[in-house]
Every structure is written in C-alpha cells, then in structure tokens.
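Please read these numbers as outputs of a predicted model, since none were measured by experiment.
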Amino acid sequence: MQQASAYGFIRLDGSDAISGSPLRRPSVSPGQPGCRMNKRLRTRLFAWWYFAIAAGFTLLAINRWMLGERAGLIALRLGIAAGFLILGVLTWRAKN
C-alpha cells in the first residue's frame with residue numbers, strides 16, 4: 001500500500017515505493033552532529049524566547065487590567081510572566 005507525501009510515494013513500512021530502500025531524511029536537530037548552530041547561540045536564543053514570552057504575558061496582564069478584569073487573573077498572568085522571566089535569566093546565565 002502506498003501513501004503520497006512530500007517525498008513522493010512511500011510505502012507504509014517507510015521504504016521508497018520505487019526502489020524499496022528505506023528513506024533517508026536529513027537530520028538537523030540542534031543536538032545532532034550535523035547541526036551548524038553553536039550551542040551558546042542556541043542557549044541565548046532560548047533565553048530571548050523566554051524573555052519574549054514573559055513580555056507577552058506582562059503586556060496581556062496590563063491590557064486586561066486596563067479593561068477591568070478580575071485581579072486574580074491579572075496576578076496569575078504576572079506570575080506566569082515572572083516564571084518565564086526567571087527561566088530566561090537562568091538560561092542566559094547557564095554555562096555551556
């Protein structure tokens with residue numbers, strides 16, 4: 001039985017429909033040897049990602065506070081923002 005994919009037609013067992021050989025897809029995971037991204041750069045990118053999430057939750061809390069939402073939900077959003085901020089700081093300061 002064959003199934004269409006971005007790689008052409010493949011069998012359900014994962015082999016190529018034409019040659020019958022197993023498909024080989026490039027591995028580009030950040031931890032793999034074939035990855036060209038520096039570990040320090042990757043760590044900094046994750047830290048910036050956490051800072052951006054913290055900023056988003058902070059802006060959302062400010063927005064909802066201005067619209068008059070309950071204080072408990074605003075405090076929850078600020079707590080989540082603080083958690084992501086701490087995670088970002090710890091990731092930024094991590095030794096590689």
Side-chain angles (χ1 to χ4, degrees):
M1 183 174 198
Q2 295 178 354
Q3 179 180 0
S5 73
Y7 297 101
F9 284 97
I10 59 172
R11 294 185 183 150
L12 291 180
D13 63 355
S15 62
D16 186 3
I18 296 171
S19 67
S21 64
L23 291 175
R24 295 180 188 249
R25 296 185 179 110
S27 175
V28 291
S29 298
Q32 300 291 331
C35 181
R36 285 176 249 158
M37 184 181 285
N38 185 350
K39 186 175 180 183
R40 182 175 172 88
L41 174 64
R42 188 176 67 241
T43 302
R44 293 289 167 109
L45 287 175
F46 276 123
W48 279 113
W49 179 252
Y50 296 140
F51 291 145
I53 293 172
F57 271 104
T58 303
L59 290 174
L60 182 64
I62 291 170
N63 180 1
R64 295 303 173 174
W65 171 68
M66 292 174 68
L67 291 175
E69 194 170 84
R70 295 184 305 181
L73 293 175
I74 294 169
L76 176 67
R77 288 185 181 109
L78 288 175
I80 292 170
F84 275 108
L85 182 65
I86 291 169
L87 188 60
V89 168
L90 292 175
T91 303
W92 187 272
R93 295 180 60 182
K95 295 188 179 183
N96 297 325

### Query
G88 and A47: which non-hydrogen atoms are nearest, and at how many Å?
O-CB, 3.7 Å
### Query
If you measure from OG1 on T91 to CG on L45, what distance do you get to the nearest 0.5 Å?
11.5 Å
### Task
Measure the CG-CD distance between N63 and E69 for me, rounded to the nearest 0.5 Å.
9.0 Å
### Task
Please tell me if the side chains of R44 and K39 come closer than 4.5 Å, counting only heavy atoms from C-beta onward.
no
Apart from [X] itself, what residues make up its hydrophobic cluster when side-chain heavy atoms of I, L, V, M, F, W and Y under 4.5 Å apart count as a link, directly or indirectly?
| X | answer |
| --- | --- |
| W49 | F46, Y50, I53, F57, L76, I80, F84, L87 |
| W65 | I62, M66, I74, L78 |
| L67 | none |

### Query
Do W48 and V89 share a hydrophobic cluster, counting only Ile, Leu, Val, Met, Phe, Trp and Tyr and linking them when any side-chain heavy atoms are less than 4.5 Å apart?
yes
